Amino acid sequence: MNYSTEEILRIEQKWQKHWEDQKVFRARVDPEKEKYYCLEMFPYPSGKIHMGHVRNYTIADVLARYKLMRGFNVIHPMGYDAFGQPAENAAIKRNVDPGEWTYGCIDQMRTELKRMGFSYDWDRELATCDEEYYKWNQWIFLKMHEKGLAYKKASAVNWCPSCETTLANEEVINEQCWRCKTEVVQKDLDQWYLKITEYCQALLEDLDTLSNWPARVVTMQKNWIGKSYGVDMRFSVKGFDEEIIVFTTRPDTIFGATYVVLAPEHPLVSRLVSGTPQEAGVKEFIARVSNVSKTLRVSGEKEKQGMFLGCHAINPVNGEEVPIWIADYVLMDYGTGAIMAVPTHDQRDFLFAKEHDLPMRIVIQDPQHPQQTVAQMQEAYVAQGQLVNSGPFDGINNQEAIQKIGQWMQEQGTGTISVHWRLRDWLISRQRYWGTPIPFIYCDACGTVPVPEDQLPVKLPSNIKITGEGGSPLNHCPEFLNVACPSCGKPAKRETDTMATFFDSSWYFLRYCSAREDARIFNPEEVAYWMRVDQYIGGIEHAILHLLYSRFFTKFFKTLGLLDFDEPFDKLLTQGMVLKDGEVMSKSRGNTVDPDDVIARYGADSLRLCILFAAPPEDQLEWNDGAVDGSWKFLNRVWTLVHTRYIFVEDEHVNAEDLGPESVAMERIRNFTIKKVTEDIESCKFNTAISSLMILLNHIDKYGVDADDADRQVILNRSIRAMVLLLAPFVPHMCEELWKVMEGRQELPLERQALSIARLTWPRYDERALKQDTVLVVAQVNGKLRAKFDMDADSPEDKVKEIVLQDPKIQQYVAGKEIRKFIYIKNKLVNIVV
RNA sequence: GGGCAAGUGGUGGAAUGGCAUACACGAAGGACUUAAAAUCCUUUGGCCGAAAGGCUAUGUGGGUUCGACUCCCACCUUGCCCACCA
């Protein structure tokens, strides 16, 4: 009796077909039932699934199938994040149409997903490159424009010279393009932005409601949004009718501000140096700085560069004249683009002041070295202390001074208490073909005109020549480019920018709820029923961008009145990476293992089991080829068990206690396993759930049953049935087959047989059966384990003390010594301190 | 530089204040076999010992506790994320 490869593959295909034909996993709104929305991050359709997908989707599938057996109305959809650069790259390389290439990949991908036996409702499948999908991207964009959330702005943007496109800050990693690793440069362009900053406060505040998210994801988002409280201070410029507003979170140090620094791009700079001897040098400096990409400019390793502008500002609190500089370490797009420099209490200012020989003054005293002088300072003093040299504020604690000076300046009219955010508006324009066209038209007469809703979608033209050169291919496509102005009818030009693909993935979970709806973005009743997502599962790499954008869209839809909740995802699980030989498995490293090869040899069930058993879901997983073999061995044992030892017997009303201690123990282990597996799945500890099923199997194997012992066979059958049901979410194909085998042994008529094991009820356990009559109590002397005792459960302390102290082994250690303490933890442990 | 996570046998891992090393993988030995595969059985942290048993071990060093892999402090290493944010 062997669960052979041929048999595995035949059985897996058979059940996959059955699930599909019978639509076992089709989800329909049912107000009578509690719903469960299980969602995994949809894949980019590269064609082949990799081990990361297998892990992600297997975790989700266990939860979806488990919840189904628990009686929930489960929605478990799948789709494809199908726009993006790889399709264009493929087009360039192989001279194919990106659309054809993508849909080809999707077909392949779907086959691979089906081969894994995932419980998707395929009727809800979608691809973001479907017209029916991206039409609604355009619709959302128009709504955002209506509400003032989509706007165009000329700005210096990160530009990848190789891809010839702009990149969001988030797509620039270590000064390089996140995809092609080319060095990013700065370029001035007219670009579309989404005003995500409008939702800063809500995006920050509502993080506190996400108690079922990993704390670190919440922290990362908090830091990314980056709220800081401070004061906008007004420095007037000597000899000019100008003011410099600086933002600081440290108003307590204002009396130590010995110079002011503007960002090189600050609009005031050119006015201040115009016609002065400094002008030429400053212009040259700015040109030099602006050529350097932003990320390189702010990378801490580089020496801070700057220039004196030749003029002075007035410190508003003491009237002191301080020099005005420009420097590359001050950024135009944070705060006000200008800072007051307090070199004694800010490390960046300290280094810059040392380098350029600028004045310093201590205004916060270190309580440890109260007499320290500027000359003695090796670095800025950034810790707490008492204010000195600070006029009326001398002597007070600097924490207190932050409040007081802010208040005081506000009263004096020299400053305003303010809040600044780190989060920037979201640059959405891409100079690419394979994305959602931004639905706008440029007319010489009417300006920038939105495409009317009834003309959506603005379709992507097909049969486009993609060369990878000369910017967006849409610029070279007259049929697309030339259009009549919707407003005046005169010849006009279409916007050729497409949307960043993060737009597409910011709302797909809503579309799944009514994926075939064509008159509306979604059906509000269905969304009201299915949303929010109960469990979202995906990689940690999306902790900031995708999750933040999805939260933003949800809040925007609520503003539109389309939704009545604030947050899209209740629980979030971020699964760990799959490693091979200690490194992340990736194509570029060439250390991938193809899931297909594993399936061809062992089947999907073994692969699923193996990847769940190898590590807890959040941890990194070190791939080990041998481990699949171990999973298969276990399945093979279960297979053999059912075939050789499941003999149906009628009477189930058998009491284990009448059959002796072995049967009682068998029943206890069965009940305990049900409890343990249930709790472990609920808390996503699949590895220990599986190990307890292995323990159950080991016990079943040892529980002997004679050929004619029908009563013990009843006990055995209970365990075998529990085993198959508990295992079903993990290894669905084999369990379906085994259930059929068991129904066959019972000779159940066809109409009473289960449609699918996934539609059966999850086993229940009996708390009473978990009780043990005797328990193992271990005895320690001075914390060291010395003896073990079998005791009646819940024995009183006196009795335990008597037994333990009489034991010769214990006597060996306590005889003749004073017993100072006797600690008894019921049913567990005794510790004698001598 | 900052933040977060992790560090336990040959390997993946288990135990979240109470028997450290569950469950597997691997390895060794045995049974079955002409033989091999598969399967089954036994052993398997280290050291000492013939055995009984003892000692020792959860990155390092301290601390709290009757008792610490678990809690606290400091440090080391690795990984991930952020990084001139005023």
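Given the structure is predicted, the values throughout are model-derived calculations rather than measurements. A note on names: the letters A, B, ... follow the listed sequences, proteins ahead of strands, and every chain is numbered from 1.
- Comparing A/L776 and A/T219 by the nucleotide of RNA chain B whose heavy atom lies nearest to each, the residue mapping closer to the 5' end is A/T219.
- Relative ring orientation between A/H356 and A/F352 is described as tilted, the plane-to-plane angle lying within the 30° to 60° band.
- For A/Y3 and B/rU39, the shortest distance from a side-chain N or O to OP1 or OP2 is not below 4.0 Å.
- Residue A/V778 has its side chain nearest to B/rC19 when only B/rA15, B/rC19, B/rU56 are considered.
- Taking atom P on both B/rG59 and B/rG12, the two are 14 Å apart, rounded to the nearest angstrom.
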Audit row: A/D680, A/T688, side chain to side chain donor-acceptor pair (under 3.5 Å) steps and yes/no: CA-CA 7 Å; A/D680 279 356; A/T688 48; 2.9 Å; yes

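- Between A/Y549 and the options A/Y199, A/W224, A/F502, a ring-ring contact (aromatic ring centres under 6.0 Å, His included) holds for only A/F502.
- Comparing B/rG18, B/rG54, B/rA86 by their nearest atom to the side chain of A/Q780 picks out B/rG18.
- In this structure, A/L545 atom CG and B/rC81 atom C1' are separated by 12 Å, rounded to whole Å.
- Using atom C1' as the reference point in both B/rG46 and B/rA20, the two lie 14 Å apart (nearest Å).
- Among the atoms of the strands shown, only primed sugar atoms or phosphate atoms (P, OP1, OP2) are found under 4.0 Å from some heavy atom of A/Y813.
- B/rG9: glycosidic angle within 90° of 0, hence syn.
- Taking atom CD1 of residue A/I225 and atom P of nucleotide B/rC81, one finds them 19 Å apart after rounding to whole Å.
- Taking atom CG of A/L785 as the reference point, atom C1' of B/rC66 lies 15 Å away to the nearest angstrom.
- The side chain to side chain contact (heavy atoms under 4.5 Å, CB included) search around A/F672 returns A/K676, A/L770, not counting sequence neighbours.
- Shown here are the side-chain hydrogen bond (donor to acceptor under 3.5 Å, both in side chains) partners of A/D232, two or more places apart in sequence or in another chain: A/S418, A/H420.
- Proximity of residues 822-832 of chain A to RNA chain B (heavy atom under 4.0 angstrom from any strand atom) is restricted to A/I823, A/I825, A/K828, A/L829, A/N831.
- Straight-line distance between the C1' atoms of B/rC69 and B/rG1: roughly 31 Å, to the nearest whole Å.
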Decide yes or no on side chain to side chain donor-acceptor pair (under 3.5 Å) for A/N698 and A/R637, but give the supporting numbers first. CA-CA 10 Å; A/N698 290 344; A/R637 281 177 65 199; 2.9 Å; yes

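- Residue A/A615 places its side chain closer to B/rG13 than to any other of B/rG13, B/rA86, B/rG54.
- The residue A/K788 sits close to a base: some heavy atom pair falls under 4.0 Å.
- Contacts of A/Q201 classified as side chain to side chain contact (heavy atoms under 4.5 Å, CB included), with partners at least two apart in sequence or in another chain: A/E205, A/K227, A/W421.
- B/rC47 and B/rC41: their P atoms are spaced 28 Å apart (whole Å).
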RNA chain B in dot-bracket, Watson-Crick or G-U pairs under 3.5 Å, [ ] crossing, | other strand? (((((((..(((.....[....)))((((((.......))))))((((....))))..(((((..]....))))))))))))....

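- With sequence neighbours excluded, no residue forms a side-chain hydrogen bond (donor to acceptor under 3.5 Å, both in side chains) with A/Y824.
- In terms of the salt bridge (Lys or Arg N to Asp or Glu O under 4.0 Å) criterion, A/R668 has no residue partners (sequence neighbours excluded).
- Between A/F247 and A/Y334, the angle of the ring planes goes over 60°, which puts this pair in the perpendicular group of the 30/60° scheme.
- A sub-4.0 Å separation between OP1 or OP2 of B/rA83 and a side-chain N or O of A/R422 is present.
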What N/O pairs connect the protein and nucleotides 22-29 of chain B at under 3.5 Å? Give each pair on its own line.
unit_1: B/rA24; atom_1: OP1; unit_2: A/N698; atom_2: ND2; d: 2.9

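- When the P atom is used for both B/rG10 and B/rG62, the distance is 24 Å, rounded to whole Å.
- Screening residues 254-263 of chain A for salt bridge (Lys or Arg N to Asp or Glu O under 4.0 Å), with sequence neighbours left out, gives no hits.
- Across B/rG17 and B/rG29, the matching P atoms stand 43 Å from one another, rounded to whole Å.
- Side-chain proximity of A/W224 to B/rA83, B/rC85, B/rC80: nearest is B/rA83.
- Under the rule for a salt bridge (Lys or Arg N to Asp or Glu O under 4.0 Å), the partners of A/R348 that lie at least two apart in sequence or sit in another chain are A/D346.
- Take A/H699 and apply the ring pair (Phe, Tyr, Trp, His ring centres under 6.0 Å) test, not counting sequence neighbours, and it matches no residue.
- Atom name P, nucleotides B/rU42 and B/rG79: the rounded distance is 42 Å, in whole Å.
- Straight-line distance from the CZ atom of A/F352 to the P atom of B/rC84: 16 Å, rounded to whole Å.
- Rounded to whole Å, atom P of B/rA86 lies 12 Å from atom CD1 of A/I402.
- Rounded to an integer number of Å, the gap from NZ of A/K809 to P of B/rA52 is 11 Å.
- Annotation: side chain to side chain contact (heavy atoms under 4.5 Å, CB included) contacts of A/Q399 (sequence neighbours excluded): A/Q384, A/N397, A/I402.
- Nucleotides B/rU11 and B/rA27 are separated by 11 Å at their C1' atoms, to the nearest Å.
- When rounded to the nearest whole Å, the span between NZ of A/K821 and P of B/rG18 equals 18 Å.
- Atom NE2 in A/H643 sits about 17 Å away from atom C1' in B/rU39, given to the nearest Å.
- The phosphate of B/rA83 has neither OP1 nor OP2 within less than 4.0 Å of any side-chain N or O from A/R348.
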